Amino acid sequence: MSFTEGPVHERSDAIVHEPAAVVDVPANGTVVTPVVAAPATAGSIRTAYNARFAPDSIIAGIAGLVILLVGLIAIVRGGFDGPMSDPVVQVLGFTHTTTLGLIEVGIGLALLLAGATRSRTGEIFFGSVLGIGAFVGAVQSESFDHSLALESSMAWLLVIIALVVVLSAMLMPRYVRQSTVIEHL
């Protein structure tokens, strides 16, 4: 997977530092100096810089981190010393079971890793998995009352988070800036 999947804004700069030269200034005082990307030759120093920024990956990482932390809190509060559907605990005002906490940890970790690796494909895939699962949970919340204690409002919140992740991965551009400085000695 490459950094350039999807829209990318790229900027390249080349700066050449020549030894001091005498320049005649016209009467109007305007001096135009063309920027020429000269190849590095013997007696020159070439330094290159690359900077990348992926705002969609930041969104996916934050969403994954929040879901992961909510799941971990649910697991710690629910524990493993009995059936995973009992007890029902409260996390941020929503009911959870240990099973729901494990699901949230899995999808949260996947989104966090997709964001950390800047994988648009991973962000779209795991965001879609989250969105589809949350949508099913939102419209069929009574089916998951016993096993997950999933509330419809929590499921709709997860659908919105999934939509934000998927749409940002598909539509937000990534920024690449490359600079090269050549100094002639």
Side-chain angles (χ1 to χ4, degrees), residues 1-13 48-80 84-85 88-141 143-180:
M1 289 174 232
S2 77
F3 185 80
T4 57
E5 299 170 7
V8 174
H9 289 287
E10 186 170 339
R11 176 179 167 182
S12 296
D13 299 325
Y49 303 96
N50 289 320
R52 296 177 175 186
F53 179 62
D56 59 289
S57 293
I58 294 171
I59 292 170
I62 290 171
L65 182 63
V66 168
I67 294 168
L68 174 70
L69 291 175
V70 168
L72 287 174
I73 292 169
I75 291 171
V76 169
R77 289 185 181 170
F80 291 106
M84 292 189 15
S85 60
V88 175
V89 297
Q90 291 280 327
V91 180
L92 298 176
F94 298 107
T95 57
H96 282 71
T97 62
T98 303
T99 306
L100 180 58
L102 288 170
I103 294 168
E104 289 171 336
V105 165
I107 197 71
L109 188 59
L111 281 173
L112 184 60
L113 289 174
T117 59
R118 298 185 196 152
S119 170
R120 283 189 196 258
T121 307
E123 294 168 17
I124 292 170
F125 177 76
F126 292 114
S128 298
V129 168
L130 172 64
I132 292 167
F135 181 76
V136 169
V139 297
Q140 283 298 121
S141 59
S143 298
F144 302 105
D145 278 342
H146 178 68
S147 60
L148 302 178
L150 180 64
E151 296 178 22
S152 181
S153 56
M154 171 72 171
W156 283 116
L157 179 63
L158 291 172
V159 168
I160 292 168
I161 291 171
L163 281 173
V164 169
V165 168
V166 170
L167 290 177
S168 68
M170 290 173 51
L171 301 176
M172 291 184 83
R174 292 184 171 185
Y175 301 92
V176 178
R177 182 174 182 193
Q178 299 174 345
S179 298
T180 303

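We count residues from 1, following the sequence as given. Just so it is clear, the model here is predicted, and its values are computed rather than measured.
A 6.0 Å sphere centred on CZ of F135 holds no more than 12 heavy atoms belonging to other residues, nucleotides or ligands.
Checked by atom type and distance alone, the side chain of T98 pairs as donor or acceptor with a backbone atom of G79 at under 3.5 Å. Checking side-chain atoms of R177 against main-chain N and O of A51 turns up no donor-acceptor pair under 3.5 Å.
Looking only at side-chain heavy atoms (C-beta outward), N50 and V176 stay at 4.5 Å or farther from each other. Counting only heavy atoms from C-beta outward, the side chains of L130 and V165 never approach each other to under 4.5 Å. Contact annotation: the side chain of F94 approaches that of L157 to within less than 4.5 Å [non-hydrogen atoms, C-beta and beyond]. Annotation: side chain of R174 is in contact with side chain of D56 (closest heavy-atom distance under 4.5 Å). Side-chain contact between V89 and I73 is absent, with no heavy atoms from C-beta onward closer than 4.5 Å.
Within the model, atoms CG of L100 and CD1 of I75 stand 9.5 Å from one another, a figure rounded to the nearest 0.5 Å. Expressed to the nearest 0.5 Å, how far OG of S128 lies from CD of E123 amounts to 11.0 Å. Interatomic distance, CG of L112 versus CD1 of I107, reported as 12.0 Å (0.5 Å rounding). Note: L68 CG to L72 CG = 4.5 Å, rounded to the nearest 0.5 Å. In this structure, E104 CD and H96 NE2 are separated by 3.5 Å, a value rounded to the nearest 0.5 Å. Interatomic distance, L111 CG to L65 CG, rounded to the nearest 0.5 Å: 11.0 Å.
The two residues T99 and L148 make their nearest non-hydrogen contact at CG2-CD2, 3.5 Å. Across all their heavy atoms, A155 and L150 have their closest contact at CB-CD2, 4.2 Å. Looking at every heavy atom in both residues, T97 comes nearest to S85 through CG2-O, 3.6 Å. Closest of all the heavy-atom pairs between V88 and A149 is CG1-CB, 3.7 Å. When all heavy atoms of I59 and M172 are compared, the closest pair comes out as CD1-SD, 3.7 Å. When all heavy atoms of G115 and S57 are compared, the pair lying nearest together is O-CB, 3.3 Å.
Every pair tested for ring pair (Phe, Tyr, Trp, His ring centres under 6.0 Å) that includes a residue from residues 100-127 fails, sequence neighbours excluded, so the list is empty.
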